2 protein chains.
Amino acid sequence: MEFRRPSYFALATLIDGPLHGYAIVQRAAELSDGDVHLSTGTLYALLERAISEGLVVAGEIYLEGGRQRRDYRLTDNGRSALQAEADRLSSAGRTVARRLRATARVAPR
Amino acid sequence: MEFRRPSYFALATLIDGPLHGYAIVQRAAELSDGDVHLSTGTLYALLERAISEGLVVAGEIYLEGGRQRRDYRLTDNGRSALQAEADRLSSAGRTVARRLRATARVAPR
DNA sequence: GAACTATAAGTCGATCAGCGACATGTAGTC
DNA sequence: GACTACATGTCGCTGATCGACTTATAGTTC
């Protein structure tokens with residue numbers, strides 16, 4: 001399982017519990033420190049994919065304050081996939097940062 | 001500047017000094033711990049892009065042991081872009097890993 | 001010497017995630 | 001009545017990646 005940044009943060013918003021689509025968009029922006037601005041086009045396509053891969057399950061549509069909502073929940077598989085991806089990202093970041101540091105003094109340009 | 005994994009590792013191979021295309025492919029696999037297998041289609045398209053964005057410069061074609069080669073070198077801008085991306089990756093990995101740890105005991109599924 | 005593997009360059013068409021624009025509707029504020 | 005925020009979703013375009021292909025040399029194995 002491999003994620004692009006928007007999908008990664010979208011799924012990550014579900015770690016603390018189920019959320020509905022609109023909330024995912026807002027929370028993803030927070031989590032990513034303003035880096036990721038999910039378009040709805042991205043969101044719903046991504047959720048479809050995640051559902052078909054068993055990473056996420058969709059709840060029933062319900063009404064909250066006169067508005068339609070549908071919650072999405074992370075599965076155990078989803079959690080593991082996120083864990084694995086978080087490890088890959090950390091490792092990728094660390095590896096390159098280390099190389100950059102190592103060559104900083106030796107070859108400034 | 002934002003990178004997908006293959007582009008990120010391809011550029012990262014140039015941190016230690018210029019390399020030619022074939023070497024980039026091999027080194028990227030190493031650096032990414034076998035995660036990234038650059039296809040040549042990806043490689044040369046990515047290099048074109050990086051050159052046009054001033055992240056990389058291409059050297060002249062030369063002969064080495066009867067084989068044509070062309071080296072690619074990372075620019076200062078390329079280095080900074082990599083640095084920034086490495087930071088983003090580390091941060092993205094850290095953020096999610098922390099959330100996963102925090103909820104591990106509280107909500108196991 | 002024919003076949004095969006490794007080294008080296010590159011092109012091209014298909015796929016697929018993400019993006020922006022659009023459509024639809026409610027609740028609340030100016 | 002207009003505008004903003006909340007909430008759902010669809011659709012067509014773009015652009016990075018991928019796999020297959022082409023071309024060519026050097027070295028090894030049968």
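All values reported here derive from a predicted model rather than from experimental measurement. Residue numbers start from 1 in every chain, and the chains themselves are labelled A, B, ... in the order their sequence lines are given, proteins ahead of strands.
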Just to be sure I understand the geometry, which residues of residues 34-64 of chain B put a non-hydrogen atom under 4.0 Å away from DNA chain C? B:Thr40, B:Gly41, B:Tyr44
Residues from residues 17-27 of chain B lying under 4.0 Å of DNA chain C - heavy atoms: B:His20, B:Gly21, B:Tyr22, B:Gln26
A:Glu85 has an atom CD; how far is it from atom C1' of C:dA17, in whole Å? 14 Å
According to side-chain contact (heavy atoms from CB on, under 4.5 Å), who are the partners of B:Gln83, at least two apart in sequence or on a separate chain? A:Leu100, B:Asp87
Could I get the full list of side-chain contact (heavy atoms from CB on, under 4.5 Å) partners for B:Asp35, not counting sequence neighbours? A:Arg88, B:Ser32
Looking at B:Arg70, does any N or O in its side chain come under 4.0 Å of the phosphate oxygens OP1/OP2 on C:dG10? yes
Using residues 6-25 of chain B as the side-chain source, report each donor-acceptor pair under 3.5 Å to any protein atom, sequence neighbours left out, with the distance given to one decimal.
residue : atom : partner : partner atom : Å
B:Tyr8  : OH   : A:Ala92 : O            : 2.8
B:Thr13 : OG1  : B:Ala10 : O            : 2.5
B:Asp16 : OD1  : A:Arg99 : NH1          : 2.4
B:Asp16 : OD2  : A:Arg99 : NH1          : 3.1

Taking only residues two or more places apart in sequence or in another chain, which ones pass side chain to side chain donor-acceptor pair (under 3.5 Å) with A:Arg69? none
Residues that A:Gln68 engages under side chain to side chain donor-acceptor pair (under 3.5 Å), provided they are two or more places apart: none
Mind listing the side-chain donor-acceptor pairs of residues 40-61 of chain A below 3.5 Å, one per line with the distance, residues two or more places apart or on another chain?
residue : atom : partner : partner atom : Å
A:Thr42 : OG1  : A:Ser39 : OG           : 3.1
A:Ser52 : OG   : A:Arg49 : O            : 2.9

So where does chain B start and stop touching DNA chain D, 5' to 3', when the test is distance under 4.0 Å to a non-hydrogen atom? D:dA16 to D:dA26
Thinking salt bridges, do A:Glu30 and A:Arg27 make one under a 4.0 Å N-O criterion? yes
5' priority, DNA chain C, between A:Arg67 and A:Arg5 [closest heavy atom]: A:Arg5
Distances under 3.5 Å between protein N/O atoms and the N/O atoms of nucleotides 1-3 of chain C, please, pair by pair.
none

When we call it a touch if two heavy atoms are under 4.0 Å apart, what does A:Tyr72 touch: a base, just sugar-phosphate, or nothing? sugar-phosphate
